[in-house]
Amino acid sequence: MKDQILERLLGFWRGFLAFSPGQKAVTIAAVVALAVGGWMFSSWASKPTYAPLFTNLAPADASAIIDKLNASKSPYQLAANGTEILVPQKQVYPLRLTMSSAGLPTAGSTGYSLLDKEGITTSEFKQHVDYQRALEGELSNTIKSISGVAAAAVHLAIPQPTVFDDGTQKPTASVLLTTLPGTILTTPQVQSVVNLVSSSVPGLSADQVSVSDSTGKVLSTAGDGISSALSDTRAQQTQAYEQQIDSNVQAMLDKMVGPGHAQVVAHADLNYDKVTSSATVYSSASGVPPLAEANSSESLGGGASSAGGVVGAGTPAASSSGSPANSGYLKTSNTRNNAVNSDVSTTTPALGNVRSLSLAVLLDQKTAGTVNLNSVKQLVSSAAGLDLKRGDSLAVTTAPFNTSQADAAAAAAAAAARQAASAKRSAQLVSLLKTGGLVLLVVAVVVITLIANKRRKNTEPPDDLDLFLSTLRDDPDSLPPAPRDVVPQPSGESQLGQARQRQLAEMADSDPQEVARLLRGWLNSKEN
């Protein structure tokens, strides 16, 4: 086996020596490229896959964890501006246990873990301060979990309860957010921060939470409940409603007068005022016994008398008095208190109701003559949901449309499409030419290599041992010409040489590998 490998290597080396200088350069470049590519592939394949060990780390915790990793000579990578540490995926859980045994990260000590260090001798003031710090730390850790938030600082102002507290002092909160580079918090994210803080502190309302970012921009204002984020939300809702009205009416008009012959513009005034109205209605229930009733009577003598009554609350409360016409005195009184029902109703209109809607429709004069404007007004009013009692307005007019810009844009678009198609065809042609040139180059190299090998075989004496042995098997009397430095045998020994040739042929038939080894050693000794 060793001889065969050595024989093949020698064959390759002889073939390489027969190459021209250009072929040798191409071969060396190909071998170097294969070696470099194999080394790069092996490096990429052997590179470990990294996974997060900890995320959203404080600078102090990140520094302490890196010191531990350097001491244990564990590979790591930093990400997310140093707030995230990556380690090989196979070492994530063992390293987490190691760091946990060392008390890292320590960011948890800013939460409710602060309360674990309190004893029975802790003063009430320190308990209140520690509770507030713990609540602030827990809220900060929770807010940092929101996507795009790198850090959060929460400050709470919680009044200390006392026996003289009349309930007028309410807790307030302020939040400072530090976002990742290139990140802009959306309106729902800001609203979620406000809701998280207000829902975590007893007695804290959402309109008493102020939110700002690290650039000083106010995202939510405390006191009046109005924030820039909320204003953006209202503008987006108004714009979305107007676009919906425009698209519905525009689609209907395109069916009627054709695309490009009508233009619709809607303007909506949405009501975001938070108004609560209360009403109380009092009524009496018939057939219900009175709550209280009092009767009194006084008489002196007798005779005809006149009587009068007074209506009480709810139902008549009778009261009569009289005096005798001639002699005597008579007095009668009756008081009745009936049950009174009360109906209390509270109404809070939904935010975003349409206060007014105005719609303008412009029709192309070329096609306006084919439609009835009254029919257009009715259809547009129904499609947009206009209410004249609410104060909505509709304006429909006709005018000649200027289509020069549209025609120029269409021509420019067609020219751009033709240019893009031409550039695509040119790119495809260049790609084909490059591919064809590469194929021709490879074919030329192969052809040149074959021609060089063929010329080498024709000009040089055969030194292939397989060819030599096959020749001996086919015709033992024919041998390749002997080297010039070999002295011819005397004529008297010709028979002995022929006998040796026959023996060599027999040996080649029986054990070709051994004969090849002997001949190779003989040739090497002659060359040396």
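Side chains included, hydrogens not; waters and symmetry mates left out as well; all remaining heavy atoms used.
- Judged purely by atom type and a 3.5 angstrom limit, Ser247 uses its side chain to pair as donor or acceptor with the backbone of Gln244.
- Between Val92 and Pro52 the shortest heavy-atom distance is CG1-O, 4.0 Å.
- Side-chain contact check for Tyr76 versus Leu53: every heavy-atom pair is 4.5 Å or farther apart.
- Ala384 and Leu359 make their closest contact through CB-CD2, 3.8 Å (heavy atoms, listed as atom of the first residue, atom of the second, distance).
- A distance of 8.0 Å separates CD in Glu242 from OG in Ser358, rounded to the nearest 0.5 Å.
- With rounding to the nearest 0.5 angstrom, the CD atom of Gln236 is 8.0 Å from the CD atom of Gln239.
- Listed for the Ser381 side chain is a donor-acceptor partner under 3.5 Å among the backbone atoms of Lys377.
- The main-chain N or O of Ala266 is found under 3.5 Å from a side-chain atom of Asp246 such that the two form a donor-acceptor pair.
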(message) side-chain contact (heavy atoms from CB on, under 4.5 Å), that's the test. Do Ile245 and Val264 meet it? Break it down for me.
(response) CA-CA 9 Å; Ile245 296 297; Val264 180; 5.9 Å; no
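- Listed by chain and residue number, Asp392 satisfy the side chain to side chain donor-acceptor pair (under 3.5 Å) test with Arg390 (two or more places apart in sequence, or in another chain).
- From Gln191, atom CD reaches atom CG of Leu185 across 13.0 Å, with rounding to the nearest 0.5 Å.
- Taking all atoms of both residues into account, the shortest heavy-atom contact from Phe54 to Arg96 is CZ-CG, 4.2 Å.
- The shortest distance between side-chain heavy atoms of Arg425 and Ser422 falls below 4.5 Å.
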(message) Working note: Leu69 + Leu95, criterion side-chain contact (heavy atoms from CB on, under 4.5 Å); need CA distance, chi angles, decisive distance, verdict.
(response) CA-CA 9 Å; Leu69 294 175; Leu95 287 176; 4.0 Å; yes
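- Between Leu135 and Gln132 there is no side-chain heavy-atom pair separated by less than 4.5 Å.
- Smallest separation of non-hydrogen atoms from Phe401 and Ala262: CE2-N, 3.7 Å.
- For the pair Asp213 (side chain) and Gly216 (backbone), a donor-acceptor distance under 3.5 Å is present.
- None of Leu253, Leu379, Val257 except one satisfies the side chain to side chain contact (heavy atoms under 4.5 Å, CB included) rule with Val371; the exception is Val257.
- Val201 has its side chain within reach of Leu156: a pair of non-hydrogen atoms, C-beta onward, lies under 4.5 Å apart.
- The main-chain N or O of Pro88 is never found under 3.5 Å from a side-chain atom of Gln91 such that the two would form a donor-acceptor pair.
- Here CD1 of Ile85 is found 6.0 Å from CG of Leu78. Values are rounded to the nearest 0.5 Å.
- Leu204 approaches Pro171 most closely through the heavy-atom pair CD1-O, 2.9 Å.
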(request) List the steps, then state whether side-chain contact (heavy atoms from CB on, under 4.5 Å) holds for Glu138 with Val154. (result) CA-CA 9 Å; Glu138 290 293 332; Val154 181; over 6 Å; no
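- Side chains of Ile184 and Thr179 form no contact here, defined as non-hydrogen atoms less than 4.5 Å apart.
- Put simply, OG on Ser74 and NZ on Lys68 are 12.0 Å apart, with the number rounded to the nearest 0.5 Å.
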(request) List the steps and the verdict of side chain to side chain donor-acceptor pair (under 3.5 Å) for Asp254 and Gln250. (result) CA-CA 6 Å; Asp254 289 342; Gln250 188 70 50; 3.1 Å; yes
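- Side-chain contact between Ser101 and Leu97 is absent, with no heavy-atom pair separated by less than 4.5 Å.
- The CD1 atom of Ile158 sits 13.0 Å away from the CD atom of Gln169 when rounded to the nearest 0.5 Å.
- Residues Val396 and Val380 form no side-chain contact, since every pair of their non-hydrogen atoms from C-beta on lies 4.5 Å or further apart.
- Sparse packing is recorded around CD of Gln89, with 12 or fewer heavy atoms of other residues, nucleotides or ligands lying under 6.0 Å away.
- The two residues Ala206 and Val194 have their closest heavy-atom pair at O-CG1, 3.5 Å.
- A side-chain donor-acceptor contact under 3.5 Å links Ser198 to the backbone of Asn195.
- Looking at Thr398 and Asp364, their side chains never come closer than 4.5 Å, going by heavy atoms from C-beta outward.
- Proximity of a side-chain donor or acceptor of Thr435 to a complementary backbone N or O of Ser431 within less than 3.5 Å is detected.
- Other residues, nucleotides and ligands place more than 12 heavy atoms under 6.0 Å from the CG atom of Leu432.
- Taking a 6.0 Å sphere around CD of Gln428, one finds it holds more than 12 heavy atoms contributed by other residues, nucleotides or ligands.
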